[in-house]
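So the structure is just underneath, and the comments pick up after that.
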Amino acid sequence: MAAMQRVALLALFLGLGVLGAQALRVETSPGPNPWNHLNVPDDPGRFHFAIVSDRTGGNRQEVFGDTVYKLNLLQPAFVMSVGDLQEGYTSNPKFITSFWNTFTRLAGALEMPFFYVPGNHDLNSTPLREEWKRRFGRNYYHFLYKDVLFLCLDSQDPSGAGIGPEQRAWVRQVLAENRTVRWTFFFFHQPLWTSDRDTGWGEIESLLEDRPYTVFTGHQHKYFKAEHRGREHYILATTGGHSRLRGPVYGEFDHLVWVSLLPEGPPRIANLMLDGVWDRNVRTPSSDAQFSGFLNDSAVRLEPIVSAAPSFSSGTTRLVLRNDADYPMSFTAFFEPHESLRAAPDRLRLVLPPKSERPLDVKVSSERPVRPEDLPPQWLHWTAHYNLPSQTPIDLEGRAPLLIDRAAYDCPRRTSPVALDGRLDEWPTLPFAVREPLPEFGAPGNQWNGPADLSFRFATAYDDDNVYVAIDVRDDALVFDPLVKHWEQDGVEVWLDPNPGPAGRRSGDVLYLGISAGDSPANLYIDDRAVVPPGVRVASVKTATGHTTEIAIPHTYLNEKQGGAWKQFRLNIGALDRDPNRWTLRLRWRPEWGTGEFPASGLFRRQ
């Protein structure tokens, strides 16, 4: 026994170095032992920290709360951030206090230090900057831990994307005072190295040529790792912020980053997600080049059919497939059965060669003439499959809506007055119906549970003084909170272009209204960066099945924009649903302007 103990002490001494024999006690034998080795990865220079990313743009508070719980399980030395911690974009003290109270309560539940870094949502108004200073003091700072330098910067200095002269001088001084650290980390919000203009980051980079460092940012809500000047630069995805959550190929996921510092060598970085752990190369320039069509939503394009007539009987849509990869793409698709429409062919199976594009014509018909406004989308469900050498096969799935639209809809003249009270008793019909989400706002994880969960109808009309919009939203669980932005509760959104171009595309100033009914008169949200024209009136009330809204827009506003008696306008309507313990779901009548729009989408003409 004594001989075995001596062997154990010798093995531990040789295997563990400075840790000594007390770090691990185990009885060994001269022969085989039931372990691989005794080199325990424990050293005074080794530690782990975590990074959380954006939670804005319609944050899902439950995601960040769950992340705090998991961080307390993982027990990193501390937690870093890259900004956009609260919604911001307001000068209203009520909102600002509510936003920060919510976040600091979440961060306060962490059992380890949390280091704040500001983003554009955190500092975009003077009151927000004043509140940051009151709560947290400095916008930028640094600290040292186990001979590693951490610099937390303000990329909104003084406003917009950049680092101002005073902050750059401070960085120069900090780096000069810490020349011999073993590694340097930077944390700031906007990925300044991607900008073509002078943001001040280039000057800082010139100071870093002789030292190892890593940069972490956020802002874009899509993960991306790139080599820049021979150093790793990261744009992180989200930790509860707005995301389509389409997965690693798109860089869209909720995660926290786990960074391990070893006694020697570069840091090791892992992405910890709800569905697993991925290495640092989850998305890179090379993977982007292979799947760029899917990243920018151009790999599968289904063109809408625009009808010049009031009713639709038949037409042809074009499906365009694109394969940017160096490998063949196996593509399968089918049109979902529809209450009125029939597609031919209704199923597809083909192989698209590398670096190629293929258009396919699909004939669409209706058994009887039907108004386009009565037609919900017909959905094309598709799968793209790739067999990649020495990698796990990749399957990308999605769906695309076949939309049939009018070249222009009539805005009818009222034959009876409108009492602008939010109640729709005087509206005989609401001819436009939206019964399910479009892909851009589709809800991951089957968050949308059918028309009773969220759907809406609307109508337009005009009289001698105003254009009116009436909206009836069906929502089975109402959530209203006067202390949060409209996009974090139930409500509606309206976009009106008062001066659309001849093809119906957006060409002028867009009037935007975000409206939430609340328990009192309409809580009309006015974007801090926009001006609601004089005379625009809104009323919004709760109903037994959801909430209703009426909007009046004066002719004087439209006439001024069109340089005479108004003739047309362009419109899009959306509904917001924030059920308890669920992120905000959006339904829109037509695709978001600038993302999936098409000529004449949502054009209304004076009848």
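Hydrogens, waters and symmetry mates are skipped; everything else that's a heavy atom, side chains included, is used. None of the values given here were measured: they were computed from a predicted structure.
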Is it the case that the side chain of Glu336 and the backbone of His381 share a donor-acceptor pair, with hydrogens and angles ignored and the cut-off at 3.5 Å? no
Where is the tightest heavy-atom contact between Ser243 and Leu245, given as atom of each residue plus distance? OG-N, 3.0 Å
Is the charged tip of Arg283 near the ring of Tyr223: under 6.0 Å from the six-membered ring centre and within 45° of its axis? no
Kindly state whether the ring of Phe456 and the ring of Phe432 have centres lying under 6.0 angstrom apart. no
Are Asp122 and Tyr116 linked by a side-chain donor-acceptor pair shorter than 3.5 Å? no
Straight-line distance of Ile305 CD1 to Ile404 CD1, nearest 0.5 Å: 4.5 Å
If we only count heavy atoms from C-beta on, is the Pro118 to Trp132 side-chain gap below 4.5 Å? yes
State which residue, out of Leu71, Val82, Leu110, fulfils the side-chain contact (heavy atoms from CB on, under 4.5 Å) condition with Val52. Leu71
Any side-chain heavy-atom pair from Pro345 and Arg347 closer than 4.5 angstrom? no
Would you say the side-chain atoms of Gln86 and His121 include a donor-acceptor pair closer than 3.5 Å? no
Any chance you could measure Asp254, atom CG, to Leu272, atom CG, to the nearest 0.5 Å? 13.0 Å
Centroid-centroid under 6.0 Å between Phe334 and Trp379 rings: no
Thr102 side chain vs Ser98 backbone, donor-acceptor pair below 3.5 Å: yes
Using a 3.5 Å distance criterion without hydrogens, assess whether the side chain of Arg406 forms a donor-acceptor pair with backbone atoms of Ala408. yes
Could you tell me if the side chain of Val362 sits less than 4.5 Å from the side chain of Thr316, heavy atoms only? no
Under a 3.5 Å threshold, yes or no: a donor from one side chain and an acceptor from the other, between Ser365 and Ser314? no
Taking all non-hydrogen atoms of both residues into account, name the closest pair between Ser540 and Ile515 and its distance. CB-CG2, 3.8 Å
Would the Trp566 and Tyr462 ring centres measure less than 6.0 Å apart? yes
Check whether any side-chain heavy atom of Pro498 sits under 4.5 Å from a side-chain heavy atom of Leu558, and report yes or no. yes
If you measure only the distance, is there a donor-acceptor pair under 3.5 Å linking the side chains of Tyr409 and Glu373? no
Begin with the C-alpha distance, continue with both residues' side-chain angles, and end with the deciding distance and a verdict on side chain to side chain contact (heavy atoms under 4.5 Å, CB included) for Ser366 and Ser313. CA-CA 5 Å; Ser366 175; Ser313 296; 5.7 Å; no
Would you say the side-chain atoms of Arg55 pair up with the backbone N or O of Leu85, donor to acceptor, closer than 3.5 Å? yes
If the threshold is 4.0 Å, N to carboxylate O, is there a salt bridge linking Glu436 and Arg399? yes
Side chains of Asn92 and Thr90: any donor to acceptor distance under 3.5 Å? no
So how far is it from Leu106 CG to Thr104 OG1, rounded to the nearest 0.5 Å? 8.0 Å
Is it the case that Ser516 and Gln489 place a side-chain donor and acceptor less than 3.5 Å from each other? yes
Taking only residues at least two apart or on different chains, which pairs with a member in residues 458-473 satisfy salt bridge (Lys or Arg N to Asp or Glu O under 4.0 Å)? Arg413-Asp464, Arg457-Asp472
State whether Glu131 and Arg134 are salt-bridged, where the test is any N-O pair (Lys NZ or Arg NE/NH1/NH2 against Asp/Glu carboxylate O) under 4.0 Å. yes
Can you tell me which residue among Val538, Ile471, Val541, Leu420 is in a side-chain contact (heavy atoms from CB on, under 4.5 Å) with Glu550? Leu420
Which atom of Asn72 lies closest to which atom of Ala109, heavy atoms considered: ND2-O, 3.0 Å
Ignoring hydrogens, what is the shortest heavy-atom contact between Thr239 and Ser53? Give both atom names and the distance. OG1-N, 2.8 Å
Would you say the side chain of Ile51 lies within less than 4.5 Å of the side chain of Val79, judging by non-hydrogen atoms? no
Can you check whether Tyr89's main-chain N or O pairs, donor with acceptor, with Asn124's side chain at less than 3.5 Å? yes
Asp490 to Arg578 - nearest heavy-atom pair and separation: OD1-N, 2.7 Å
Do Leu454 and Val473 have side chains that approach each other closer than 4.5 Å (heavy atoms only, starting at C-beta)? yes
For Ala459 and Pro431 the tightest heavy-atom approach is CB-CD, 3.6 Å
salt_bridge(Glu303, Arg318) N-O dist < 4.0 Å: no
Looking at His219, is its backbone amide N or carbonyl O close enough to the side chain of Asp54 to form a donor-acceptor pair, meaning the two atoms are under 3.5 Å apart? yes
Quick test of your reading of the model: are Asp66 and Lys70 salt-bridged, counting only N-O distances below 4.0 Å? yes
Strictly below 4.0 Å, N to O, side chains only: are Asp297 and Arg244 in salt-bridge contact? yes
CD (Gln220) and OG1 (Thr238) are apart, to the nearest 0.5 Å, by 13.0 Å
Between Lys561 and Asp497, does a salt bridge (charged side-chain N to carboxylate O under 4.0 Å, His left out) hold up when you go through it step by step? CA-CA 10 Å; Lys561 294 296 182 180; Asp497 183 354; over 6 Å; no
Can you check side chain to side chain contact (heavy atoms under 4.5 Å, CB included) on Val536 and Leu513, steps first, answer last? CA-CA 10 Å; Val536 172; Leu513 298 173; 4.2 Å; yes
Are Phe458 and Tyr468 near enough that their ring centres are under 6.0 Å apart? no
Do Arg135 and Asn101 have a side chain donor and acceptor closer than 3.5 Å? yes
For Gln562 and Lys567, what are the C-alpha separation, side-chain angles and deciding distance, and is it a side chain to side chain contact (heavy atoms under 4.5 Å, CB included)? CA-CA 8 Å; Gln562 297 188 27; Lys567 297 179 180 179; 4.1 Å; yes
Check step by step if side chain to side chain contact (heavy atoms under 4.5 Å, CB included) holds for Arg414 and Val418. CA-CA 8 Å; Arg414 291 286 306 186; Val418 174; 3.5 Å; yes
I'd like to know if the side chain of His189 and the backbone of Ala161 have a donor-acceptor N/O pair within less than 3.5 Å. no
When you measure from the side chain of Ser307 to the backbone N and O of Ala309, does any donor-acceptor pair fall under 3.5 Å? yes
Is there a donor-acceptor pair closer than 3.5 Å between any side-chain N or O of His255 and the backbone N or O of Asn271? no
Would a distance-only check, ignoring hydrogens and angles, find a side-chain to backbone donor-acceptor pair under 3.5 Å from Gln378 to Arg342? no
For Tyr250, the ring-ring contact (aromatic ring centres under 6.0 Å, His included) test, sequence neighbours excluded, returns none
Ring centroid separation for Phe294 and Trp382, is it under 6.0 angstrom? yes
Heavy-atom distance under 4.5 Å between the side chains of Phe569 and Arg605, does that happen here? no
Side-chain H-bond candidate by donor/acceptor type, Gln190 with Gln156, under 3.5 Å: yes
Within the 4.5 Å heavy-atom criterion, are Ile553 and Arg537 side-chain neighbours or not? no
